[in-house]
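Accompanying notes for the structure given below.
Predicted model only: the values in this text are computed from it and were never measured.
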Amino acid sequence: MKVLFLPEVRKYFEELSVILYQKEYFGFFESALQYADELFSEIENNLPNSSKKVAPQYFEKYGKGMFYATFKRNRNTSWYIFFNIYHTRGETVFFVRYISNNHVIAQYL
């Protein structure tokens with residue numbers, strides 16, 4: 001199994017630590033960077049084994065026929081990972097198309 005990310009999703013992870021630090025969710029930039037890196041690694045390593053649900057129609061603007069999985073990082077924040085699953089050359093590929101958290105998209109789930 002393999003987990004791949006759209007370039008836009010990778011860029012989001014690069015910007016996430018800056019956003020978290022600027023909005024003062026973390027007092028030190030290094031802590032925000034660690035949070036973003038750990039979230040990326042958790043998704044990359046655990047998405048294939050995560051429970052998945054069919055993504056609501058609202059999210060079809062990011063891709064058709066997607067699923068989503070939830071990654072809870074703390075008591076206040078859950079991250080939602082939207083992806084497609086492809087089977088190619090005997091391998092299963094999880095293709096991440098969009099990521100957001102409950103603070104932004106909860107009303108659409």
Side-chain angles (χ1 to χ4, degrees):
M1 287 183 265
K2 186 187 316 186
V3 178
L4 301 175
F5 298 82
L6 272 178
E8 296 88 339
V9 174
R10 285 189 173 271
K11 184 170 175 58
Y12 178 79
F13 275 104
E14 292 171 6
E15 297 169 350
L16 180 59
S17 54
V18 174
I19 293 166
L20 293 172
Y21 178 68
Q22 287 177 342
K23 291 191 174 191
E24 299 181 354
Y25 290 107
F26 290 91
F28 298 99
F29 180 73
E30 293 77 17
S31 299
L33 185 60
Q34 181 179 356
Y35 179 91
D37 287 346
E38 287 176 358
L39 177 60
F40 183 87
S41 293
E42 183 179 358
I43 294 164
E44 190 172 44
N45 294 324
N46 297 324
L47 183 60
N49 301 319
S50 297
S51 175
K52 66 181 183 302
K53 297 179 183 177
V54 174
Q57 186 175 358
Y58 173 84
F59 296 98
E60 285 189 6
K61 60 186 170 184
Y62 302 108
K64 304 285 184 207
M66 289 193 307
F67 297 94
Y68 75 96
T70 306
F71 289 81
K72 190 159 182 68
R73 294 296 293 166
N74 58 49
R75 64 186 175 107
N76 296 318
T77 305
S78 294
W79 289 90
Y80 299 98
I81 314 310
F82 294 84
F83 58 95
N84 291 105
I85 301 173
Y86 299 101
H87 303 282
T88 180
R89 298 184 194 144
E91 184 173 38
T92 302
V93 177
F94 291 76
F95 189 57
V96 179
R97 295 181 170 275
Y98 181 68
I99 178 174
S100 193
N101 64 41
N102 58 299
H103 304 289
V104 178
I105 63 167
Q107 69 272 23
Y108 302 112
L109 297 171

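- In terms of hydrophobic clustering, with Ile, Leu, Val, Met, Phe, Trp and Tyr side chains grouped at heavy-atom distances under 4.5 Å, Tyr62 and Val54 are assigned to different clusters.
- The minimum heavy-atom distance linking Ala69 with Ser51 is given by the pair CB-O, 3.6 Å.
- Taking hydrophobic clusters as Ile, Leu, Val, Met, Phe, Trp and Tyr residues chained together by side-chain heavy-atom distances below 4.5 Å, Phe59 does not share a cluster with Ile43.
- Sorted pairs that involve residues 92-109 and meet salt bridge (charged side-chain N to carboxylate O under 4.0 Å, His left out), not counting sequence neighbours, are lacking altogether.
- Note: Phe82 and Tyr68 meet the aromatic proximity criterion, with ring centroids under 6.0 Å apart.
- More than 12 heavy-atom neighbours from other residues, nucleotides or ligands sit within 6.0 angstrom of CD on Gln107.
- The hydrophobic clustering, which links ILVMFWY residues whose side-chain heavy atoms are closer than 4.5 Å, places Ile85 and Leu4 together.
- Residue-environment remark: CZ (Phe29) exceeds the threshold of 12 foreign heavy atoms within 6.0 Å.
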Q) Does the pair Ile105 and Tyr98 meet the rule for a side-chain contact (heavy atoms from CB on, under 4.5 Å), with working shown? A) CA-CA 11 Å; Ile105 63 167; Tyr98 181 68; 3.9 Å; yes

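- Note that CZ of Phe83 is 7.0 Å distant from CZ of Phe67, once rounded to the nearest 0.5 Å.
- Other residues, nucleotides and ligands contribute over 12 non-hydrogen atoms within 6.0 Å of the OH atom of Tyr35.
- No path of Ile, Leu, Val, Met, Phe, Trp and Tyr side chains, each step under 4.5 Å between heavy atoms, connects Ile99 with Met66, placing them in separate hydrophobic clusters.
- Tested against Lys11 for a side-chain hydrogen bond (donor to acceptor under 3.5 Å, both in side chains), the candidates Glu14, Glu8, Glu15 yield a single pass: Glu15.
- Shortest non-hydrogen contact noted between Asn76 and Asn74 is N-OD1, 2.8 Å.
- Atom CG of Leu20 sits about 8.5 Å away from atom OG1 of Thr77, to the nearest 0.5 Å.
- Using a 4.5 Å cut-off on side-chain heavy atoms (C-beta onward), Leu47 and Phe71 make contact.
- A distance of 9.5 Å separates CD1 in Ile81 from CG in Asn101, rounded to the nearest 0.5 Å.
- Atom NZ of Lys72 sits in a crowded spot, with more than 12 heavy atoms from other residues, nucleotides or ligands closer than 6.0 Å.
- Hydrophobic clustering (ILVMFWY, side-chain heavy atoms < 4.5 Å, transitive): Val104 and Val18 are in distinct clusters.
- Just one of Tyr12, Trp79, Phe13 meets the ring pair (Phe, Tyr, Trp, His ring centres under 6.0 Å) condition when paired with Phe40; it is Phe13.
- Remark: side-chain polar atoms of Asn102 are paired, donor with acceptor, to backbone N or O of Ser78 under 3.5 angstrom.
- The shortest non-hydrogen separation linking Ala32 to Ser17 is CB-O, 3.4 Å.
- If you take CE on Met1 and NE2 on His87, they are separated by 10.0 Å, rounding to the nearest 0.5 Å.
- Shown here is Glu91, whose CD atom has more than 12 heavy atoms of other residues, nucleotides or ligands within 6.0 Å.
- Looking at heavy atoms from C-beta onward, Phe95 lies in side-chain contact with Leu6 at the 4.5 angstrom threshold.
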